[in-house]
Amino acid sequence: MASTQNTDLSRKGDMHLWMHDDKYSDIEVQCQGETWLVHRSILGSRSKYFDAIMSGLRKRPDGYYVLKMDAFQPDLLEAIMYFIYTGEVYHVDIEGSTIDYEVLSKLHQLSGFFELQEFQEALIPKIANNLDRSTNYFKQPKNAKRFTKKKLDVFLRAVRVAYQGLEDEQAELRKLYVNFFFKSFPLVAKDDYFYEQIRRMPLFSADLLKALGLKAWGMESNGSTVGRATAGKSTPAKATRS
């Protein structure tokens, strides 16, 4: 008798297998050396982008249509199709112990491109929960020193992606990162590197200043927005309250 795990396969699990099974498939999606034999009816019915781009394809002699998508990152494209087939959000870098927030932000941005509002809505709570865990982790005194430059860059890369997209599509995502840095500000307030980076992200800088109730970061004589170092010890830049 087959085990419960093998016999009680969900429809979602079966749908995922369809992405890698050529039975009834009619289109070959190619992306930077990766190939998926999938179904036009499924992709087109869930995504207006796929529906539009597939309408002009010609069938090969073997009966397959071919869709080249080399402009996309293969693992992110697979995550998009996985959601289309199963309704679930999955990516190796967002399910493990190390969360790649840049990947999460890229998936959110890409879901807007593919007009998958459900995917965007599913990503927001996942990102929010992970950010909350990160906030609680780094706020513990024993872990505060682990909020290193390398860790800071992980979050800043994600912020850059969030602020690259259209404002109306990325508004919720931007709020999450602003809220994260609002809560984490004591950890970065004395870090010159943080001020150097946000100077290059004016929209995010403005949103964070507003959340903190500040008019501006402390200004150096040359007008750059950075923290100040005094007596070899980094101190927070002075800021003007609104």
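Just so you know, these numbers use all the heavy atoms, side chains as well, and skip hydrogens, waters and symmetry mates.
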Student: Roughly how far, to the nearest 0.5 Å, is the CZ atom of F72 from the CZ atom of F113?
Tutor: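 Reported value, rounded in 0.5 Å steps: 4.0 Å.
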
Student: Check the side chains of R146 and Y137 for a donor-acceptor pair under 3.5 angstrom, ignoring hydrogens and angles.
Tutor: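 Distance-only check passes for Y137 and R146.
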
Student: With a 4.5 Å limit on heavy-atom distance, are the side chains of V154 and E102 in contact?
Tutor: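 SC-SC contact between V154 and E102 ruled out.
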
Student: Between Q30 and E34, is any side-chain donor less than 3.5 angstrom from a side-chain acceptor?
Tutor: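 No, no side-chain donor-acceptor contact under 3.5 Å.
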
Student: First locate atom OG1 of T135, then atom CD of Q140, and finally report the distance between them rounded to the nearest 0.5 Å.
Tutor: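 It is 11.5 Å, given to the nearest 0.5 Å.
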
Student: Can you confirm if the NZ or CZ of R40 lies within 45° of the ring axis of Y65 and under 6.0 Å from the centre of its six-membered ring?
Tutor: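 Yes, R40 and Y65 form such a contact.
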
Student: Going by an N to O cut-off under 4.0 Å, is there a salt bridge joining E196 and R199?
Tutor: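 Answer for the salt bridge query: no.
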
Student: Is a salt bridge present between R60 and E28, judged by a nitrogen-to-oxygen distance below 4.0 Å?
Tutor: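 A salt bridge links R60 with E28.
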
Student: Do L104 and L176 sit in one hydrophobic cluster, given that two such residues count as connected whenever their side-chain heavy atoms are within less than 4.5 Å of each other, even indirectly?
Tutor: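 Linked within one cluster.
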
Student: So how far is it from L116 CG to K48 NZ, rounded to the nearest 0.5 Å?
Tutor: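 If we round to the nearest 0.5 Å, L116:CG and K48:NZ are 11.0 Å apart.
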
Student: A side-chain contact here means heavy atoms from C-beta on lying under 4.5 Å apart; do L37 and V29 qualify?
Tutor: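 Answer no - side chains too far apart.
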
Student: Going by heavy atoms in the side chains, are L156 and F181 under 4.5 Å from each other?
Tutor: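 Heavy-atom side-chain distance check passes, below 4.5 Å.
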
Student: Which of these passes side-chain contact (heavy atoms from CB on, under 4.5 Å) with L43: I80, I84, D51?
Tutor: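 In the set I80, I84, D51, the residue that makes a side-chain contact (heavy atoms from CB on, under 4.5 Å) with L43 is I84.
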
Student: Just verifying a value: how many Å separate S47 OG and E115 CD, rounded to the nearest 0.5 Å?
Tutor: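 Rounded to the nearest 0.5 Å, the OG-CD separation comes out at 6.5 Å.
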
Student: Would you compute the distance between atom CG of D75 and atom CD of Q32 and round it to the nearest 0.5 angstrom?
Tutor: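 These two atoms lie 9.5 Å from each other.
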
Student: Taking atom types as modelled, find out whether Y163 and D207 have a side-chain donor-acceptor pair closer than 3.5 angstrom.
Tutor: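 Side chains of Y163 and D207: pair found under 3.5 Å.
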
